[in-house]
Q: 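Got a structure for you, written out below as structure tokens; questions coming shortly.
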Amino acid sequence: MKSLKFSLVFLVFFQLGLSAQEPEAEKPAIIPQPAEVEWKEDFFTLQERTVVCFNSGAEASAAWLQRLLQNTYTQSYTMQGEDCNGFNLNLNPNLEETLGKEGYQLDISSNIVYLEAASEAGLFYGIQTLRQMFPAEIENEKVSEEIKLPQVSITDSPRFEWRGSMLDIARSFFGPDYIKKHLDRMAFYKLNRLHLHLTDDQGWRIEIKQKPKLTELGGKGAVKGGRSGYLTQEEYKEIQEYAAARNIVIVPEIDLPGHIYSALMAYPELNCDELANIEPRMATPPQLYHEYQVGWSKLCLDKPEIYDFVATVLGEMAEITTGDYLHIGGDEIEDERYKEFVVKADSIVRKLGKITIGWEEVTQAAVDSTFISQRWTGNTKRVVDTRVIESICTNFYFDHANIPGQEMTNNWCQERGVSLKDAYTFKAKNPKTIGVEAPVWTEMVLSDEAADDRFWPRSIAMAEVGWSKDENKDFKNFVNRLGEHGLRLDLMDVNYFRTPEVNWNSSRNKGVFSEFMPESRW
């Protein structure tokens with residue numbers, strides 16, 4: 001009798017234990033961490049036939065969701081309507097008061113997945129969250145096994161409006177194919193700004209039709225071992241269109257008045273007499289420059305005609321740029337006319353109807369209050385109080401080593417490199433901070449694989465910094481969730497750095513016999 005009672009008690013506790021543990025085990029590893037999550041105990045089971053309902057304005061979101069479902073066993077179709085069994089997308093501008101422009105509400109019950117937002121951006125981000133609930137295999141193959149989504153209620157919105165990634169294509173060129181791949185990965189983690197560093201001493205990477213030599217000559221340069229080339233205006237427009245579909249704004253940077261040798265080589269009249277503006281003379285026109293050092297060249301600021309050049313270049317960039325921003329660089333310059341130059345350059349940009357961004361040194365000058373400062377050292381004594389993008393090099397310069405001693409990486413800002421934890425634990429202190437952005441400079445980044453290695457997974461940590469509130473963040477919890485993304489990153493063909501402190505759920509480097517043991521016949 002005792003044995004029977006014990007067995008029954010054990011069975012009850014065992015079943016209770018399973019029911020208590022099961023929802024925990026089934027929780028998807030969502031990144032960035034949503035603002036509010038309430039998990040339920042049951043599931044939504046994807047049927048063999050399903051409908052994606054949408055209201056007016058949500059057509060594009062319905063197309064994204066249906067594309068996701070095409071990689072499953074379900075036969076899905078879209079229709080305009082509301083309150084359908086299956087998937088419901090509802091665009092409701094009145095929600096901007098509570099969710100903001102990019103927030104969303106996702107509710108999954110036993111027979112309905114209901115997603116609501118104030119804008120298409122919010123619906124798109126809700127779909128990215130939903131995507132992370134599907135099996136990782138959905139990224140590149142058709143999932144034939146039954147799909148169960150955990151029932152949940154999520155209310156989510158970003159902490160910062162600016163969640164950026166910067167790719168330097170001036171030192172070593174990266175073309176449209178890689179940029180589009182990078183945009184896809186950014187969108188998955190709800191990043192919304194891609195800053196393209198288009199010009200530097202080594203190369204000029206954007207076609208300016210009124211100054212064709214900039215790319216005809218300047219486009220041929222690159223760091224040694226790097227790639228040369230440039231974007232045509234048509235390619236640049238196509239990249240912007242691709243980005244916009246993913247709710248990402250392209251931010252072009254024309255670095256002025258320094259880091260400009262590629263232009264000085266193409267148009268020698270921009271130089272001072274006897275090349276007094278090039279010091280030290282790492283190269284002189286018509287030589288190309290292939291070394292790493294930068295900050296040794298500048299426009300001849302004594303010549304009034306340089307402003308015609310600046311106005312021409314910025315004018316064409318404004319004309320072909322659909323976003324609101326033009327970045328004028330402005331870093332690492334010592335010249336008595338520097339402040340005069342950046343004030344004039346800021347004025348040119350504003351007259352073109354764009355918002356000026358520059359590296360933090362620009363705030364030494366009395367630029368307009370609409371200017372956005374990008375902080376990278378935090379050491380500049382500013383004379384204007386502007387909005388701020390945080391790109392502090394100790395936390396966000398991802399060209400630095402992932403771990404101490406990593407080869408072919410920079411270490412000038414922090415000798416040990418910039419770790420995953422460095423990126424994740426950054427906290428903004430300036431009340432005028434509008435967001436965060438992590439640059440990858442490409443002196444030593446000479447291939448697509450190397451760029452992936454620098455961006456990922458640290459960009460995922462930065463994405464959570466930009467999206468999630470500090471009180472919702474916990475590094476140990478993040479590392480656990482990140483490990484679950486290993487297989488998905490593999491299937492998305494991301495050559496990410498396998499950070500040692502992360503227990504990666506990954507298929508990389510596994511063969512057909514990996515982890516296989518035959519049953520013993522003896």
Side-chain angles (χ1 to χ4, degrees), residues 165-183 194-244 248-270 282-283 285-292 294 297 299 309-323 325-329 354 399 439-448 450-451:
S165 180
M166 193 214 84
L167 175 60
D168 167 20
I169 67 172
R171 290 167 173 82
S172 185
F173 181 62
F174 290 81
D177 289 346
Y178 183 79
I179 293 172
K180 287 178 181 179
K181 283 182 183 178
H182 190 59
L183 288 165
L194 177 59
H195 171 181
L196 292 176
H197 184 77
L198 295 169
T199 68
D200 217 299
D201 291 317
Q202 292 87 350
W204 189 284
R205 308 300 185 198
I206 184 68
E207 177 187 22
I208 303 296
K209 293 186 183 294
Q210 296 175 75
K211 298 290 180 181
K213 291 180 183 178
L214 289 171
T215 47
E216 288 173 7
L217 301 177
K220 293 179 179 178
V223 291
K224 49 191 174 186
R227 298 180 288 204
S228 59
Y230 64 91
L231 299 175
T232 66
Q233 291 195 4
E234 286 307 308
E235 287 173 329
Y236 177 70
K237 290 174 183 176
E238 183 184 337
I239 287 168
Q240 289 181 100
E241 184 179 1
Y242 193 85
I248 297 172
V249 176
I250 300 295
V251 180
E253 180 185 353
I254 305 294
D255 208 344
L256 300 165
H259 292 252
I260 196 75
Y261 179 74
S262 57
L264 301 177
M265 182 268 297
Y267 290 94
E269 62 269 25
L270 300 172
M282 307 297 293
Q287 291 176 294
L288 293 169
Y289 178 61
H290 300 292
E291 300 301 320
Y292 299 137
V294 291
S297 68
L299 294 169
F309 172 81
V310 171
T312 296
V313 170
L314 293 180
E316 277 202 33
M317 287 307 304
E319 189 176 335
I320 63 174
T321 297
T322 55
Y325 312 97
L326 288 184
H327 199 303
I328 62 169
K354 300 293 185 182
D399 51 303
V440 167
W441 305 98
T442 57
E443 295 99 318
M444 301 182 189
V445 181
L446 310 179
S447 67
D448 295 0

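None of these values were measured; they are calculated from a predicted model.
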Q: Show your working on side-chain contact (heavy atoms from CB on, under 4.5 Å) between W204 and V313 and close with a plain yes or no.
A: CA-CA 12 Å; W204 189 284; V313 170; 3.9 Å; yes
Q: Take atom NZ of K211 as the centre, draw a 6.0 Å sphere, and report whether it contains more than 12 heavy atoms from other residues, nucleotides or ligands.
A: yes
Q: Working to the nearest 0.5 angstrom, can you tell me the gap between I169 CD1 and L231 CG?
A: 4.5 Å
Q: So which heavy atom on I260 is nearest to which on D201, and how close?
A: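 Shortest heavy-atom contact: N-OD1, 3.1 Å.
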Q: Look at E234 together with K237 and state whether they make a salt bridge at an N to O cut-off of under 4.0 Å.
A: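 Answer for the salt bridge query: yes.
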Q: Report the residues that fulfil side chain to side chain contact (heavy atoms under 4.5 Å, CB included) with M444, sequence neighbours left out, ordered by chain and then residue number.
A: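 Counting only residues at least two positions away or on another chain, M444 forms a side chain to side chain contact (heavy atoms under 4.5 Å, CB included) with M408, N410.
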Q: Where is the tightest heavy-atom contact between L217 and A266, given as atom of each residue plus distance?
A: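 For L217 and A266, the tightest heavy-atom pair comes out as CD1-CA, 4.0 Å.
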Q: Give me the atom names and distance for the closest heavy-atom approach of S228 to A222.
A: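 Looking at all heavy atoms of both residues, the shortest contact is N-CB, 4.0 Å.
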Q: Is the closest side-chain heavy-atom distance between D168 and M166 below 4.5 Å?
A: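 D168 vs M166: side chains touch.
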Q: Let me confirm one number: the NE2-NE2 distance from H197 to H259, rounded to the nearest 0.5 Å.
A: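 It comes to 7.0 Å.
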Q: Is there a side-chain contact between M317 and L198, using heavy atoms and a 4.5 Å cut-off?
A: yes
Q: Strictly by modelled atom types, are Q240 and T322 linked by a side-chain donor-acceptor pair under 3.5 Å?
A: yes
Q: Less than 4.5 Å apart, any side-chain heavy atom of L326 and any of P252?
A: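 Yes, close enough: below the 4.5 Å cut-off.
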Q: Of all the heavy-atom pairs spanning T321 and K354, show the shortest one and how long it is.
A: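 Nearest pair, atom of T321 first, then K354: O-NZ, 2.8 Å.
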Q: To the nearest 0.5 Å, what is the distance between CD1 on I179 and CD1 on I239?
A: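 Separation between the atoms: 4.0 Å.
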Q: Is a side-chain donor or acceptor of R205 paired with a backbone partner of G219 at a separation under 3.5 angstrom?
A: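 Side chain of R205 to backbone of G219, a donor-acceptor pair under 3.5 Å: yes, one is there.
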Q: Within the side chain of T442, is there an N or O that forms a donor-acceptor pair under 3.5 Å with the backbone of S172?
A: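 Yes, the answer is positive, given that a donor and an acceptor are paired below the 3.5 Å cut-off.
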Q: Less than 6.0 angstrom from the centroid, inside 45 degrees of the normal: does K220 satisfy that with respect to the ring of Y230?
A: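 Output no; distance or angle outside limits.
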Q: Indicate yes or no: at least one non-hydrogen side-chain atom of I328 is less than 4.5 angstrom from one of V310.
A: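 Heavy-atom side-chain distance check fails, nothing below 4.5 Å.
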Q: Run the side-chain contact (heavy atoms from CB on, under 4.5 Å) check on R171 and V445 step by step: do they pass?
A: CA-CA 9 Å; R171 290 167 173 82; V445 181; over 6 Å; no
Q: Let me confirm one number: the CD1-CG distance from I248 to L194, rounded to the nearest 0.5 Å.
A: 7.0 Å
Q: With no hydrogens and no angle check, is any side-chain donor or acceptor of E253 less than 3.5 Å from a backbone partner on H327?
A: no
Q: Can you sort out the partners of Y178 under side chain to side chain contact (heavy atoms under 4.5 Å, CB included), two or more places apart, ordered by chain and number?
A: L167, F174, H182, R185, D448, A451, D452, F455
Q: Can any side-chain N or O of T199 pair as donor or acceptor with the backbone N or O of I254 at less than 3.5 Å?
A: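 Here the side-chain-to-backbone pair does not exist.
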Q: Any idea how F309 and Y267 line up, ring-wise: parallel (<30°), tilted (30 to 60°), or perpendicular (>60°)?
A: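 F309 vs Y267 ring planes: tilted.
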Q: How long is the gap from CD on Q202 to CE on M265, to the nearest 0.5 Å?
A: 11.0 Å
Q: How about K180: does its NZ atom have over 12 heavy atoms from other parts shown lying under 6.0 Å from it?
A: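 Atom NZ in K180 is crowded, with more than 12 foreign heavy atoms closer than 6.0 Å.
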Q: Take atom CD in E269; do more than 12 heavy atoms of anything else shown fall under 6.0 Å from it?
A: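 Correct, the count exceeds 12.
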Q: Output yes when a side-chain donor or acceptor of E316 lies under 3.5 Å from a complementary backbone atom of K209, and no otherwise.
A: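 Such a contact is found between E316 side chain and K209 backbone.
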Q: Roughly how far, to the nearest 0.5 Å, is the CG atom of L446 from the CZ atom of F173?
A: 14.5 Å
